[in-house]
Q: 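Got a structure for you, questions after.
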Amino acid sequence: MRISDILAQRQSFSYEIFPPKGDMSVEQAEQVATELCRNSPDWISVTFSAGGSGNSERTADIGRRIERGVGTPALAHLTCLGSSRADVDAYVRRLQSAGIENVLALRGDPAPGREAIDFSYASDLVPHLKDAGMCVGGACYPEGHVECESLDADLEHLKAKVDAGVDFLVTQLFFDNEDFYRFRERCARKRIKVPIVCGIMPFTSKKQLQRMTFNCGASIPARVVKRLVAAGDDEKAQFEAGMTYACEQIVDLARNGVDGIHIYSMNRPEIGRITHDALVGCGYLPA
Ligand code: FAD
């Protein structure tokens, strides 16, 4: 099923997983997806790593298992830096033969050996994927993309990307919902009319929070820091602080009429269950 059709019908609930890397097998990743699907998500997205972990080959594979085996729509990510048109076409053929209709069009992060070949920005990739008949999502950044000099310039680029054919947007993680509400208003003023799905990453520890915010430039509100200080060095307490905060955050988003909520599950089914139950509790999802 195309995600644009889902979003035309209802507010969505979805998860992100990453394909197997390191010691994880494809079967274990499929098991994670199966457990997450017990909560009836509208789709599961599967990340794409063109870099060091080199698991991009497995994005289409695990996506196929989600679509065909588990019976849930898959959203396959694709980054375009370092890829030629022929590479992208081959990837799209793999997705289509796996029954996958949805792709998240991304530029990816620049790295040595990953320079632009046929695509410099995600907005170059979008029309190519649309021409191939895919339902295409794009990334957006409520606090601005880490490389961009101003929020206005970033929004200008986002508008060009949407006008190139994006069907829906998924945000980078954020911890202050006010950042998202301001972003949503700016998008409306800019006549960016596609649905915007909120990507929420519950923090699981102090270390993980520092790593992920440093990588993407998202800010950490003082109230998050206070909760982590209260949790001290107790890893279980840090995890619980992260889950409690994420649940409060998504319940507030649900009450403020967002188009969708996408949980960065980090391949942990318990994160999927906890966030799902919070959304059932507030009436966003059926019991
Ligand atoms: P773009 O939309 O191309 O924007 C990149 C930067 O260029 C921005 O600063 C933008 O303002 C600027 N820009 C855009 N167009 C122009 C122009 N014409 N002229 C000048 N500047 C311009 N990374 C992965 O490697 N794998 C993943 O699976 C993955 N999944 C992600 C999922 C989500 C929901 C998000 C939010 C990010 C994800 N990323 C992933 C990270 C992403 O690849 C990086 O954030 C990357 O740096 C930007 O990708 P983009 O598609 O947003 O780029």
Side-chain angles (χ1 to χ4, degrees), residues 1-18 29-47 62-63 65-77 100-102 104 135 137 139-140 142 167-181 183-184 187 194-204 224 239-287:
M1 188 166 186
R2 295 169 87 84
I3 289 174
S4 51
D5 291 337
I6 296 170
L7 287 164
Q9 290 166 20
R10 58 180 176 273
Q11 292 172 290
S12 64
F13 175 64
S14 53
Y15 295 120
E16 178 188 280
I17 64 169
F18 44 80
E30 187 178 16
Q31 182 58 30
V32 168
T34 304
E35 288 185 39
L36 288 171
C37 282
R38 296 209 175 103
N39 303 317
S40 308
D42 288 304
W43 70 84
I44 293 190
S45 79
V46 188
T47 64
I62 193 71
R65 287 166 185 247
I66 291 168
E67 280 278 349
R68 293 262 159 91
V70 187
T72 294
L75 167 61
H77 294 200
I100 298 170
E101 299 176 272
N102 305 293
L104 191 69
C135 174
C140 63
D167 294 298
F168 64 95
L169 293 166
V170 185
T171 74
Q172 176 174 266
L173 63 98
F174 57 90
F175 293 103
D176 186 342
N177 288 355
E178 292 306 320
D179 286 329
F180 175 74
Y181 300 137
F183 172 71
R184 184 168 64 171
C187 286
V194 295
I196 308 175
V197 174
C198 299
I200 298 299
M201 183 178 280
F203 59 86
T204 56
V224 169
F239 179 82
E240 279 166 8
M243 294 309 116
T244 305
Y245 189 85
C247 290
E248 289 168 7
Q249 211 188 343
I250 58 178
V251 166
D252 179 74
L253 292 169
R255 291 192 174 133
N256 279 280
V258 296
D259 296 319
I261 295 175
H262 185 63
I263 303 294
Y264 297 118
S265 77
M266 295 165 279
N267 288 21
R268 295 181 65 166
E270 76 269 36
I271 292 179
R273 185 183 43 74
I274 291 167
T275 49
H276 167 267
D277 291 354
L279 290 174
V280 170
C282 74
Y284 180 88
L285 293 176

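Here the structure is a predicted model, which means the values were calculated and not measured.
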Q: Atom CD1 in I66, atom CD1 in I100: separation rounded to 0.5 Å?
A: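 Separation between the atoms: 7.5 Å.
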Q: How close do P73 and N102 get, counting heavy atoms only, and between which atoms?
A: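 Here P73 and N102 meet closest at CB-ND2, 4.4 Å.
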Q: What pair of heavy atoms forms the shortest contact from M1 to Q9, and how long is it?
A: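 Closest heavy-atom pair between M1 and Q9: CE-NE2, 3.6 Å.
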Q: Test: salt bridge (Lys or Arg N to Asp or Glu O under 4.0 Å). Region: residues 278-287. Which pairs qualify, not counting sequence neighbours?
A: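 Counting only pairs at least two positions apart or across chains, no salt bridge (Lys or Arg N to Asp or Glu O under 4.0 Å) contact touches residues 278-287.
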Q: Show the nearest heavy-atom pair for residues Y284 and G260, with the distance to one decimal.
A: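 Minimum heavy-atom contact is OH-CA, 3.5 Å.
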Q: Any chance you could lay out the side chain to side chain contact (heavy atoms under 4.5 Å, CB included) test for N256 and N177, step after step, and finish with the verdict?
A: CA-CA 10 Å; N256 279 280; N177 288 355; over 6 Å; no
Q: How far apart are the closest heavy atoms of P41 and T72, and which atoms are they?
A: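 Shortest heavy-atom contact: O-CG2, 3.9 Å.
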Q: Is there any salt bridge (Lys or Arg N to Asp or Glu O under 4.0 Å) pair reaching into residues 168-178, and which pairs are they, with sequence neighbours excluded?
A: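 Only D176-R223 qualify under salt bridge (Lys or Arg N to Asp or Glu O under 4.0 Å).
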Q: Report yes if some heavy atom in the side chain of I3 is under 4.5 Å from a heavy atom in the side chain of V197; otherwise report no.
A: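 SC-SC contact between I3 and V197 ruled out.
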Q: Taking atom CG of L279 and atom SG of C247, what is their separation to the nearest 0.5 Å?
A: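 Nearest 0.5 Å value for the CG-SG distance: 7.5 Å.
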Q: Any sub-3.5 Å donor-acceptor pair from N267's side-chain atoms to A29's backbone N or O?
A: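 It does not hold such a pair.
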Q: Could you report the tightest heavy-atom contact between I250 and A278, atom names first, then the distance?
A: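 Minimum heavy-atom contact is CD1-CB, 4.4 Å.
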Q: Taking the side chain as everything from C-beta on, heavy atoms only, tell me whether T204 gets closer than 4.5 Å to R268.
A: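 With C-beta onward as the side chain, the pair touches.
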Q: Can you tell me how far the CD1 atom of I17 sits from the OG atom of S265, to the nearest 0.5 Å?
A: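 Reported to 0.5 Å precision, the distance equals 6.5 Å.
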Q: Any side-chain heavy atom of C282 within less than 4.5 Å of one from R255?
A: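 A side-chain contact exists here, since the closest heavy-atom pair is under 4.5 Å.
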Q: Which residue pairs pass the side-chain hydrogen bond (donor to acceptor under 3.5 Å, both in side chains) test with at least one member in residues 35-45, sequence neighbours excluded?
A: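 Sorted result for residues 35-45: R10-D42, Y15-N39, Q31-E35, S45-H77, S45-H262.
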Q: Is the side chain of E67 donor-acceptor paired with the backbone N or O of A74 at a distance under 3.5 Å, no angle test?
A: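 Side chain of E67 to backbone of A74, a donor-acceptor pair under 3.5 Å: yes, one is there.
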Q: I'd like to know if the side chain of D259 reaches the main chain of C198, judged simply by a donor and an acceptor atom lying under 3.5 Å from each other, with no hydrogens or angles considered.
A: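 Side chain of D259 to backbone of C198: no pair is present.
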Q: List the steps, then state whether side chain to side chain contact (heavy atoms under 4.5 Å, CB included) holds for I263 with H276.
A: CA-CA 9 Å; I263 303 294; H276 167 267; over 6 Å; no
Q: Could you check whether any side-chain N or O of Q249 sits under 3.5 Å from a backbone N or O of M201, counting only pairs where one atom can act as donor and the other as acceptor?
A: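 Checked: no pair found.
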Q: Got a second to check how far E240's CD is from M243's CE, nearest 0.5 Å?
A: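 Answer rounded to 0.5 Å: 9.5 Å.
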Q: Is there a side chain to side chain contact (heavy atoms under 4.5 Å, CB included) between F168 and S12? Walk through the geometry before answering.
A: CA-CA 12 Å; F168 64 95; S12 64; over 6 Å; no
Q: Side-chain contact, heavy-atom cut-off 4.5 Å: T275 with I200?
A: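 SC-SC contact between T275 and I200 ruled out.
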Q: Might you point out which heavy atoms bring A33 and V70 nearest each other, and give the distance in Å?
A: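 Closest pair (atom of A33, atom of V70, distance): O-CG1, 4.5 Å.
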Q: What's the spacing between L173 CG and Y264 OH if we round to 0.5 Å?
A: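 Those atoms lie 6.5 Å apart.
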Q: Is there side-chain contact between I196 and F180, with at least one heavy-atom pair below 4.5 Å?
A: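 A side-chain contact exists here, since the closest heavy-atom pair is under 4.5 Å.
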Q: Find the distance between CG (L75) and CD1 (I44) and round it off to the nearest 0.5 Å.
A: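 One gets 11.0 Å once the value is rounded to the nearest 0.5 Å.
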Q: Is the ring pair Y245/F203 parallel, tilted or perpendicular, if the boundaries are 30 and 60 degrees?
A: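 Geometry flag for F203 against Y245: tilted rings.
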Q: Looking at side-chain heavy atoms only, is the closest gap between Y181 and D252 below 4.5 Å?
A: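 Contact flag for Y181/D252 side chains = yes.
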Q: Under 3.5 Å, is there a donor-acceptor pair between the side chain of T171 and the main chain of C140?
A: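 Side chain of T171 to backbone of C140: no pair is present.
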